[in-house]
Amino acid sequence: MSERYLNDIRSNRFTFGCLNVTLLIHFLSWILNLLNIFIVDQKIFFISVLADLFLYLILFTYVRKYGLNHQYTKYLLLGFQVLIFSCVHTFLTYHTLLTIVIPIICAAQYRDNRVIWITYAMSSVGILASTLIGYRVGLCDANILLLTQTNTADFMKHILAVETIIPPTYFQIILYYVFPRCVVVLCVIPIVIHIKNEIDQKSADLLKSQEENLKLYKEHQEVQRSVITSLSSVIASRDETTGYHIQNTALYVEFITKKLLESGSFGLQLDEEYAENIIHAAPLHDVGKIKIPDSILCKPGKLNPGEFEMIKLHTIYGKEVMDHFVKTIDSNNEYLTVAKQMAIAHHERFDGKGYPYGKKGNDIPLCARIMSVADVLDALLSKRQYKDAMKFDTVYRIMAKEADKQFDDKVLRALLDNWDEFVEEIYPKSSH
């Protein structure tokens, strides 16, 4: 939805709310008039309340049926607002003089000069009609009657003497009554347009500032990621096999994460921002290997038990490296937090038999559970000096048997349920 459309919806609700309040005030005023708080003729006041209620019920029926979201609803609301105030003005005349500017004020919130001028045109017609109708039914106020008198004293003398007062002409009504009211409303328009323009300018400046801040924040994030990701390049340069492994697992993590995001398997736990952080942090899962000696990391053939225990420490070392970045760069950086979780926990098993801490189930961060599947997948599909690459069918069977054992079944399903797509489109992009 566009910002203009959302603003119209908010403004429609406000305008409709104003109409509700107007009707309530009108009704309460009628009650007070019955109690002789006001001195308006009770019959006239009652007719004005009935007329407003009739108009409001028509509008309320429309809103209930069609809502407030249509692009032309604003004109309908403002038109009914003019109608209701014109009706009030017809019967109560100068008692409600200030209400004639309310539609213009409501129109200003739509932040569209065209809406303001259309509302003014409707208001001018309403003022003209309500004044002429009010006069024709004998409801014209003292201002019109005074047009035929030289001064207030003469007017009061005629009233006290119950003398016939010469009625004003239509021209006099328009010139001395309708025209001044229209001018009053017209004078309000530059004010509301100025306020609207000021608000628009402030909003534009604020939006521009927010966009600039967001751009700087993203640039800052990219610099951080570039600096930290360079660590994975250092590791890759020490061992060609590890270098391929980093590239492949990053590719596989992206595939699995996107499939999980599409399926909604983890609901709000896996949103787009978290998924993006997982994908960007994947190359850092083995960052701890930077502390492993070359004699072990680059050793051809299988490792002995002691060497394997040394290799297992890369998870602890990875956490230490990422802790250093968290402290020195940004302690609230979600990307760094995800990278740390992946580094420390990607060798944990879903059944609790992994390392370094033996965590199990949902105690293992989701990012690490995804990394675990990608990590083993690449190990099985890749050729090593001490083994050949396994066939796809064999890898599928091995992985499937580890559901809810080594792997989280929901994460594993994102891979296995899309196995053909993985084999045909993702694997050819990997280094093997």
With a 4.5 Å limit on heavy-atom distance, are the side chains of [X] and [Y] in contact?
X      : Y      : answer
Ile279 : Lys258 : yes
Phe392 : Leu381 : yes
Ile278 : Leu270 : yes
Ser29  : Ile25  : yes
Phe27  : Leu23  : no
Ile189 : Trp117 : yes
Pro103 : Met122 : no

Step through the shown structure and confirm whether more than 12 heavy atoms of other residues, nucleotides or ligands are within 6.0 Å of [atom1] on [X].
X      : atom1 : answer
Lys312 : NZ    : yes
Glu272 : CD    : no
Leu206 : CG    : yes

(request) Would you sort out whether Asp375 and His245 count as a side chain to side chain contact (heavy atoms under 4.5 Å, CB included), showing the intermediate values? (result) CA-CA 8 Å; Asp375 194 48; His245 175 69; 2.6 Å; yes

(request) List the steps and the verdict of side chain to side chain contact (heavy atoms under 4.5 Å, CB included) for Val395 and Trp419. (result) CA-CA 11 Å; Val395 173; Trp419 186 254; 3.8 Å; yes

Identify each donor-acceptor pair in which a side-chain atom of residues 50-60 lies under 3.5 Å from a protein atom, sequence neighbours left out, and give them as a table.
from, atom 1, to, atom 2, distance (Å)
Asp52, OD2, His26, ND1, 2.7
Tyr56, OH, Asn20, OD1, 2.2

Just by modelled atom types, is the [Y] backbone N or O under 3.5 Å from a matching donor or acceptor in the [X] side chain?
X      : Y      : value
Glu348 : Tyr357 : yes
Ser123 : Thr119 : yes
Tyr120 : Cys182 : yes
Ser263 : Leu260 : yes
Asn12  : Leu68  : yes
Tyr274 : Leu268 : no
Thr22  : Cys18  : yes
Gln341 : Pro365 : no
His285 : Ala282 : yes

(message) Quick check: Tyr62 with Phe80 (ring centres under 6.0 Å apart)?
(response) no

(request) Please report the closest heavy-atom contact between Thr249 and Ala374, naming both atoms and the distance. (result) CG2-O, 3.7 Å

(message) Looking at every heavy atom in both Ala281 and Val338, which two are closest together, and how far apart are they?
(response) CB-CG1, 4.0 Å

(request) With side chain to side chain donor-acceptor pair (under 3.5 Å) as the test, would you mind laying out the steps for Tyr252 and Ser430 before giving the verdict? (result) CA-CA 9 Å; Tyr252 302 161; Ser430 62; 3.3 Å; yes

Salt bridge (charged side-chain N to carboxylate O under 4.0 Å, His left out) with [X]: which residues, sequence neighbours excluded?
X      : result
Lys259 : Glu262, Glu421
Lys360 : none
Asp351 : Arg349

(request) Say whether His346 and Asp286, considering side chains only, have a donor N or O and an acceptor N or O under 3.5 Å apart. (result) yes

(request) May I ask you to check whether Asn197 and Gln201 show a side-chain donor-acceptor distance below 3.5 Å? (result) no

(request) Decide yes or no on side chain to side chain contact (heavy atoms under 4.5 Å, CB included) for Met342 and Met322, but give the supporting numbers first. (result) CA-CA 10 Å; Met342 295 177 80; Met322 296 314 302; over 6 Å; no

(request) Verify side chain to side chain donor-acceptor pair (under 3.5 Å) between Glu273 and Asn277, making sure each step is shown before the conclusion. (result) CA-CA 6 Å; Glu273 182 180 0; Asn277 286 330; 4.6 Å; no

(message) For Asp393, is there an ion pair with Arg397 - N to carboxylate O distance below 4.0 angstrom?
(response) no

(message) Rounded at 0.5 Å granularity, tell me how far CG in Leu78 sits from CD1 in Ile104.
(response) 8.5 Å

(request) For Thr15, enumerate each residue passing the side chain to side chain donor-acceptor pair (under 3.5 Å) test, keeping only those at least two apart in sequence or located in another chain. (result) Gln109, Tyr110

Just list the side-chain donor-acceptor pairs under 3.5 Å for residues 405-415, sequence neighbours left out, or say none.
from, atom 1, to, atom 2, distance (Å)
Asp408, OD1, Lys410, N, 3.0
Asp408, OD2, Arg369, NH1, 2.6
Lys410, NZ, Ser265, O, 3.4
Arg413, NE, Asp417, OD1, 2.9
Arg413, NH2, Asp417, OD1, 3.1

(request) Could you go through the side chain to side chain contact (heavy atoms under 4.5 Å, CB included) check for Phe422 and Ile426 one step at a time? (result) CA-CA 5 Å; Phe422 170 78; Ile426 305 303; 3.7 Å; yes

